[in-house]
Q: 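Take this structure first; my questions come after.
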Amino acid sequence: MRSERYNPREAEGKWQAVWSERETFRTSNDDPRPKYYVLEMFPYPSGRIHMGHVRNYAMGDVVARYKRARGFNVLHPMGWDAFGMPAENAAMQNKSHPATWTYANIATMRGQLKSMGLSLDWSREIATCDPSYYKQQQKLFLDFLAAGLVTRKKSKVNWDPVDHTVLANEQVIDGRGWRSGALVEQRELTQWFLKITDFAQDLTDSLDELDRWPEKVRLMQRNWIGRSEGLRLRFELADGSLSGTEDLEVYTTRPDTIFGAKFIAIAPDHPLARDIAEGRPDLSAFIDECRRMGTSVATLETAEKKGVDTGLRVRHPFDPSWLLPVYVANFVLMDYGSGAVFGCPAHDQRDLDFARAYGLGVTPVVCPPGEPPSSFVIGDVAYDGDGLMINSSFLDGMSPVEARDEVVRRLESKELNGRPQGERQVNFKLRDWGISRQRYWGCPIPVIHCESCGTVPVPVRDLPVTLPEDVTFDRPGNPLDHHPTWKHVACPECGGAARRETDTMDTFVDSSWYYARFTDPTNQEQPTSAAVDHWLPVDQYIGGIEHAILHLLYSRFFARAMKATGHLSVKEPFKGLFTQGMVVHETYRDANGAWMTPSEIRIEQTPAGRRAWTLDTNEPIDIGSIEKMSKSKRNTVDPDDIIGSYGADTARWFMLSDSPPERDVIWSEEGVQGAARYVQQLWRLVGELDDAAVGADRSPDAGQPSTQVATDVRKLVHAHLMRVEESIERLRFNTAIAEIRKLTNGLSAALAGIESPDQMTSELRLACREAALYLVGMFAPMMPHLAEECWSALGQSGLVADQPWPVLDRSLAVDDRIVIPVQVNGKRRAELTIDRAAEASLVEAEALKLDAVVRELDGRSPRKVIIVPQRIVNVVV
RNA sequence: GCCCUCAUGGCGGAACUGGUAGACGCGACCGACUCAAAAUCGGUUUCUGAAAGGAGUGGGGGUUCGAUUCCCUCUGAGGGCACCA
């Protein structure tokens with residue numbers, strides 16, 4: 001073929017241009033082949049791609065190219081999650097417009113992604129900040145509004161004082177804004193909400209069916225949704241009515257412990273607490289204190305259980321003469337259940353802490369198995385296990401489960417103030433999704449506020465509601481609100497003066513349906529068309545674990561809401577989900593503790609281990625721990641530099657090779673060099689195979705005897721092909737790569753073993769030709785440019801990208817003769833080479849004849865011989 | 001505090017459902033080529049032992065003919081949730 005080195009710089013640009021000219025990766029919606037939709041989480045256009053993107057998109061590209069080769073019509077699109085705060089911050093700093101910054105970043109990053117050689121259909125590219133995209137999003141919003149899936153309500157919100165905006169619960173991490181890191185404050189604002197809670201039950205139930213999702217993600221979502229089954233129970237006020245009510249409602253999941261009740265606790269902002277506080281300075285002071293405490297972790301962790309007795313008393317449901325005190329307590333949340341609980345100190349840790357602090361008593365009502373009820377006492381730890389009911393009147397002797405049912409049954413049929421005293425209730429931790437953001441660079445919420453008509457949806461003919469371009473960012477707050485004219489419009493209903501909604505949507509809305517938009521991205525009339533049901537669900541979605549809750553839960557909700565409004569017909573958008581690990585790297589610091597980037601230093605292997613020095617001044621550098629690549633620790637490697645010096649194929653190969661894809665991968669210079677070496681090795685080997693195969697195209701001369709070498713080469717190729725297929729199907733890219741490397745090691749050895757030209761039978765030539773073509777086909781999904789170059793050098797027409805996957809001959813992949821280990825008493829003593837299909841009796845006879853076995857038996861006769869077909873023989877003495 | 005995951009050579013890791021532990025790569029060492037270096041190629045590389053052998057998958061225990069894999073327990077690392085009644 002040729003002997004010169006492979007030059008990725010020349011070849012990669014060339015093949016990218018060919019793919020682009022021939023529109024190789026353009027996907028048609030009416031292709032008759034079976035569909036396969038591969039999607040990687042689209043990037044935020046922050047400026048430049050990072051190694052995490054390279055890893056994510058390399059994985060997706062292997063799947064896309066592999067499935068293409070396997071005969072699927074593959075949809076593999078790319079877009080930009082383009083709205084968001086960083087663009088506004090950049091605009092403030094540079095005195096430019098967010099759109100300018102965003103589109104410039106998109107252009108840069110598009111170029112970078114193209115230099116990776118990804119098999120993307122760029123004709124479907126979308127940017128969420130484009131009016132053609134957010135017009136359809138506004139239409140979805142209006143449809144959701146009409147369907148009752150949107151509400152506007154005054155509510156306590158998480159306010160980020162740095163970004164001057166509201167955050168969803170999901171966006172508050174440890175009491176801080178997910179983006180700004182600022183301590184979140186509580187404020188009362190009127191907000192738009194998407195009613196994700198309408199689907200709470202289905203969102204939790206359907207997790208069971210997502211069998212191609214990581215168990216971990218399903219569990220995290222299940223915990224986040226937080227379904228619990230319990231009892232809504234009303235206690236009668238002992239002193240008649242108060243502020244218009246005669247009873248106090250609590251929620252409990254442990255009705256069985258009702259006879260262990262010692263107090264009632266209500267939230268500081270419970271209406272009853274507010275009423276009573278009016279004449280009680282001590283109580284109102286306590287309530288104020290609780291409010292100030294807020295939600296930060298530090299306060300929650302250290303906060304003692306505190307409360308104030310309201311003086312109010314309620315009657316026990318099963319004993320009217322038993323009065324329980326009502327406390328206002330700092331650990332009760334108003335927005336869960338009914339904002340009130342009954343405290344059973346013996347079997348709930350918080351209640352126990354509280355009861356101990358205020359001397360309210362502790363009576364155990366569940367006795368652990370095997371413990372004598374008379375001697376069972378509660379120490380510092382509440383008992384929440386199983387057992388038998390004690391001290392509980394008619395429940396005594398039952399199990400907690402039986403007791404639960406009995407209490408519920410009795411209270412359901414017992415009337416209090418004209419209603420059953422207890423009712424079963426299912427509660428969720430999940431809250432509705434507040435989407436109002438007081439920002440400019442987001443999708444405008446398409447409603448108009450009119451003094452006389454109220455809140456009026458913008459008529460569909462007036463969509464999109466576009467963002468004004470002449471905005472300034474010179475003062476805090478929402479530029480849309482500051483704009484002199486934008487918000488003043490005529491009411492679509494009465495024509496009178498009205499005001500536009502100036503809130504924009506949370507950017508998580510944008511990413512909650514983009515997967516659907518890709519199926520018909522240029523449709524100007526509707527968000528989706530019939531194509532959406534052809535393509536969805538996404539067969540394989542790939543992205544970071546950090547989206548396990550937010551993005552993935554919102555997307556699942558959106559699919560349901562879009563189904564309810566007729567925009568698509570699946571409810572689960574992502575059939576397969578894969579969450580890849582991060583890219584991590586060593587960290588480096590100089591003598592002053594300042595972080596150094598990998599490109600500023602030089603590493604050498606010394607007798608004392610690996611040591612580092614600065615490149616310019618040759619000062620020693622500390623090699624530190626391996627951490628996630630981040631700007632702050634300066635341990636990043638720029639994909640452009642890597643692709644520039646080694647080529648995209650090397651970067652892709654190394655990213656996929658070292659670690660299992662769900663785990664973190666350590667980026668190391670040595671590792672990349674190993675990958676680069678292998679690129680040249682492959683190039684050389686394909687050339688050698690080609691040389692060996694010269695003349696192979698001529699028909700084989702019939703008279704020549706078949707040679708063992710030729711068969712061995714074919715067996716090698718097919719056996720490894722089988723394992724590469726299996727690995728890719730399971731997304732085990734690291735083992736797929738190991739198998740390819742093993743195959744090349746084997747082929748090199750086989751070529752080296754051919755000593756004389758006589759051995760070069762036409763059969764062997766054909767085997768070498770097959771080996772070369774198959775090998776190229778196998779590594780093509782990972783190293784597409786090198787594959788095209790090899791394909792062309794082998795004299796093949798067309799592109800590897802258009803070739804079907806190599807055809808596996810299973811009879812070659814699976815050997816007739818196998819080697820199985822022979823154990824004596826569980827220890828491996830010998831090997832037995834035998835026909836795969838050999839009868840157990842033959843295997844046993846042969847095994848017992850082996851020298852090592854005879855020696856080990858030493859004249860004793862085996863007690864038992866265990867034979868696992870094709871696996872192992874174990875002789876037990 | 002609750003829940004989950006993980007632990008294998010100097011390092012990243014392999015071993016699908018219990019069946020030859022350490023594939024493949026990185027690093028290291030030895031050798032070839034070279035005046036020399038780099039690159040490249042060949043070999044060795046879990047520990048112990050000259051070898052035969054023995055030990056070995058975080059510690060301890062169990063089930064099994066057989067355990068990296070299943071069960072119990074302890075230790076360590078990472079992650080999620082966080083007063084959710």
Side-chain angles (χ1 to χ4, degrees), chain A residues 5 173-175 214-217 219-224 226-228 230-231 250-254 257 265 267 295 297 299-301 303 305 329-333 335-344 347-351 353-354 381 384 427-431 545 548-549 605 609-610 626 654 657-660 662-666 668-675 677-678 680-681 684 723 726-727 730 732 734-745 748 752 819-831 862-868 870-877:
Chain A
R5 287 171 66 81
I173 294 152
D174 291 345
E215 186 51 43
K216 181 181 177 172
V217 174
L219 187 73
M220 281 165 72
Q221 292 217 351
R222 192 168 282 124
N223 289 342
W224 186 267
R227 183 182 190 278
S228 77
L231 180 71
V250 305
Y251 175 73
T252 179
T253 55
R254 294 292 304 273
T257 64
T295 54
V297 201
T299 52
L300 282 185
E301 267 178 357
K305 304 287 174 278
N330 64 349
F331 64 90
V332 182
L333 304 173
D335 62 357
Y336 185 79
S338 61
V341 299
F342 81 75
C344 174
H347 305 291
D348 181 287
Q349 192 60 47
R350 284 164 319 199
D351 297 345
D353 296 345
F354 190 77
V381 182
D384 61 0
N427 258 338
F428 296 93
K429 292 190 206 173
L430 187 68
R431 299 273 83 97
I545 186 80
I549 298 171
Q605 198 74 40
R610 286 174 81 242
I626 293 170
F654 176 58
S657 66
D658 237 27
S659 295
E662 69 280 5
R663 270 197 239 175
D664 292 350
V665 64
I666 302 170
S668 74
E669 192 60 25
E670 293 88 350
V672 186
Q673 282 165 2
R677 257 196 315 272
Y678 186 63
Q680 298 301 335
Q681 253 179 61
R684 213 174 327 116
R723 289 198 286 268
E726 285 166 1
S727 287
R730 291 169 54 215
R732 304 287 291 180
N734 56 327
T735 55
I737 281 177
E739 290 301 332
I740 292 174
R741 291 191 92 129
K742 253 198 279 192
L743 171 59
T744 53
N745 291 348
S748 296
V819 179
I820 56 172
V822 179
Q823 297 181 332
V824 178
N825 286 334
K827 291 210 182 271
R828 180 179 161 276
R829 297 296 175 187
E831 280 179 350
R863 193 155 58 89
K864 194 172 165 190
V865 179
I866 290 149
I867 294 168
V868 182
Q870 304 177 27
R871 284 280 180 172
I872 203 165
V873 179
N874 190 9
V875 182
V876 186
V877 184

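Computed from a predicted structure; not experimentally measured. Every chain is numbered from 1 and lettered A, B, ... according to where its sequence line falls, protein lines coming before strand lines.
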Q: Counting Watson-Crick and G-U wobble pairs only, both distances under 3.5 Å, name the nucleotide matched with G78(B), or none.
A: C4(B)
Q: Report yes if the side chains of D348(A) and R254(A) come closer than 4.5 Å at any heavy-atom pair, otherwise no.
A: no
Q: Please measure how far the C1' atom in G9(B) lies from the corresponding atom in U57(B), and state the result in whole Å.
A: 10 Å
Q: Work out how far the P atom of U8(B) is from that of U68(B), and round it to whole angstrom.
A: 14 Å
Q: Out of G19(B), C81(B), A85(B), which nucleotide sits closest to the side chain of V868(A)?
A: G19(B)
Q: Applying the Watson-Crick and G-U wobble criteria at under 3.5 Å, what pairs with A55(B)? Answer none if nothing qualifies.
A: U46(B)
Q: In whole Å, what is the span from the CD atom of E662(A) to the C1' atom of C4(B)?
A: 16 Å
Q: With a 4.5 Å cut-off on side-chain heavy atoms, are I666(A) and D658(A) touching?
A: no
Q: Please report the distance separating the C1' of A32(B) from the corresponding atom of A77(B), rounded so that it comes out in whole Å.
A: 45 Å
Q: Please classify the nucleic acid contact of N745(A) as base, sugar-phosphate, or nothing, using heavy-atom distances under 4.0 Å.
A: sugar-phosphate
Q: Using only heavy-atom distances, determine whether the side chains of S657(A) and Y678(A) contain a donor-acceptor pair under 3.5 Å.
A: no
Q: Can you tell me how far C1' of A14(B) sits from CZ of R741(A), to the nearest Å?
A: 15 Å
Q: Considering only C81(B), G25(B), C83(B), which nucleotide approaches the side chain of W224(A) most closely?
A: C81(B)
Q: Between G22(B) and A37(B), how far is it from one C1' atom to the other, in whole Å?
A: 35 Å
Q: Base, sugar-phosphate alone, or nothing: which one does R863(A) contact when heavy atoms must sit under 4.0 Å apart?
A: nothing
Q: Assign each of G674(A) and A340(A) to its nearest nucleotide of RNA chain B by heavy atoms, then name whichever residue's nucleotide is nearer the 5' end.
A: G674(A)
Q: Taking 4.0 Å as the cut-off, does a side-chain nitrogen or oxygen of S228(A) come that near to OP1 or OP2 on A85(B)?
A: yes
Q: Just to be sure I understand the rule, does V332(A) reach a base, reach only the sugar-phosphate, or reach nothing, if contact means heavy atoms closer than 4.0 Å?
A: base
Q: Scan S657(A) against the nucleic acid and name what it touches under 4.0 Å (heavy atoms): base, sugar-phosphate only, or nothing.
A: nothing
Q: Taking only side-chain N and O atoms of R829(A), does any of them lie within less than 4.0 angstrom of OP1 or OP2 on G54(B)?
A: yes
Q: Can you check the distance between G62(B) and G18(B), where both ends of the measurement are the C1' atom (answer in whole Å)?
A: 15 Å
Q: side-chain contact (heavy atoms from CB on, under 4.5 Å), that's the test. Do D351(A) and F331(A) meet it? Break it down for me.
A: CA-CA 10 Å; D351(A) 297 345; F331(A) 64 90; 4.0 Å; yes
Q: Only pairs with both distances under 3.5 Å count, Watson-Crick or wobble alike; so what is the partner of A14(B) in this structure?
A: none
Q: Whole angstrom is fine here: how far is it from CD in Q673(A) over to P in G12(B)?
A: 20 Å
Q: Go through the N and O atoms of the side chain of K305(A) and the base of C83(B), and report whether any donor-acceptor pair is under 3.5 Å.
A: yes
Q: Within the structure provided, determine whether V875(A) and R829(A) are in side-chain contact (heavy-atom separation under 4.5 Å).
A: no
Q: So does K827(A) get a side-chain nitrogen or oxygen closer than 4.0 Å to the phosphate oxygens (OP1/OP2) of A55(B)?
A: yes
Q: Is the glycosidic angle of G9(B) within 90° of 0, making it syn, or outside that range, making it anti?
A: syn
Q: Looking across every strand, which nucleic acid part, if any, lies under 4.0 Å from Q823(A) by heavy atom: base, sugar-phosphate, or nothing?
A: base
Q: Side chain of E670(A): nearest nucleotide among C81(B), U40(B), G27(B)?
A: G27(B)
Q: Mind checking if E831(A) touches a base, just sugar-phosphate, or nothing, with heavy atoms under 4.0 Å?
A: base
Q: Taking 4.0 angstrom as the limit, do R723(A) and E726(A) come out as a salt bridge?
A: no
Q: What integer number of Å spans the C1' atoms of G56(B) and A7(B)?
A: 16 Å
Q: Rounded to whole angstrom units, what separation is found between the NZ atom of K429(A) and the C1' atom of G80(B)?
A: 11 Å
Q: Kindly point out which of A23(B), A85(B), G19(B) is positioned nearest to the side chain of N874(A)?
A: G19(B)
Q: Looking at the side chain of I666(A), which of C83(B), G12(B), G13(B) is the nearest nucleotide?
A: G12(B)
Q: May I have the distance from N825(A) (atom CG) to U64(B) (atom P), rounded to whole angstrom?
A: 16 Å
Q: Using Watson-Crick or G-U wobble geometry with both distances under 3.5 Å, which nucleotide pairs with G9(B)?
A: none
Q: When you measure from the side-chain N and O atoms of N734(A) to the phosphate of A14(B), is any distance below 4.0 Å, counting only OP1 and OP2?
A: yes
Q: Using modelled atom types and a 3.5 Å cut-off, is there a donor and acceptor pairing between side-chain atoms of Y251(A) and backbone atoms of Y336(A)?
A: no
Q: Under 4.0 Å, counting only non-hydrogen atoms across every strand here, what does V876(A) touch: a base, just sugar-phosphate, or nothing?
A: sugar-phosphate
Q: Pick base, sugar-phosphate or nothing for V865(A), based on heavy-atom distances below 4.0 Å to the nucleic acid.
A: nothing
Q: Hey, does R732(A) reach any base, or is it just sugar-phosphate, or nothing, if we go heavy atoms under 4.0 Å?
A: sugar-phosphate
Q: Closer than 4.0 Å, any side-chain N/O of Y678(A) to the OP1 or OP2 of G25(B)?
A: no
Q: So L219(A), base contact, sugar-phosphate only, or nothing? Heavy-atom distance under 4.0 Å.
A: sugar-phosphate
Q: Between the main-chain N or O of V877(A) and the side-chain N or O of N825(A), is there a donor-acceptor pair closer than 3.5 Å?
A: yes
Q: If you check every side-chain atom of Y251(A), which of G12(B), A85(B), C24(B) has the closest atom?
A: A85(B)
Q: What is the distance, rounded to the nearest whole Å, between atom CG of D351(A) and atom P of G1(B)?
A: 18 Å
Q: Dump the intermediate steps for side-chain contact (heavy atoms from CB on, under 4.5 Å) on Q349(A) and V381(A), then the final yes or no.
A: CA-CA 6 Å; Q349(A) 192 60 47; V381(A) 182; 3.9 Å; yes
Q: Could you tell me whether the phosphate oxygens of G78(B), OP1 or OP2, come under 4.0 Å of any side-chain nitrogen or oxygen in R663(A)?
A: no
Q: Counting only side-chain heavy atoms from C-beta out, which of A85(B), G79(B), G19(B) sits nearest to K216(A)?
A: G79(B)
Q: Take atom CD1 of I545(A) and atom C1' of C4(B), then tell me their distance rounded to the nearest Å.
A: 11 Å
Q: Can you tell me, in whole Å, how much space there is between the C1' of C71(B) and that of U63(B)?
A: 7 Å
Q: Using a 4.0 Å heavy-atom cut-off, does E669(A) contact any base of the nucleic acid, only the sugar-phosphate backbone, or nothing at all?
A: nothing
Q: Measure from the side chain of R677(A), starting at C-beta and using heavy atoms only, and say which of G27(B), A23(B), G19(B) lies closest.
A: G27(B)
Q: Return the pairing partner of G31(B) with a 3.5 Å limit on both distances, Watson-Crick or G-U wobble; otherwise return none.
A: C41(B)
Q: Between C24(B), G19(B), A15(B), which nucleotide has the shortest distance from any of its atoms to the side chain of I872(A)?
A: G19(B)
Q: Does I872(A) reach the side chain of I820(A), with side-chain heavy atoms less than 4.5 Å apart?
A: no
Q: How do P821(A) and M220(A) order along RNA chain B: which one's closest nucleotide is nearer the 5' end?
A: P821(A)
Q: With a 3.5 Å cut-off and heavy atoms only, can you find an N or O donor on one side and an acceptor on the other between the side chain of R871(A) and the base of U17(B)?
A: yes
Q: Rounding to the closest angstrom, what is the interatomic distance between A15(B) and A85(B) at atom P?
A: 40 Å
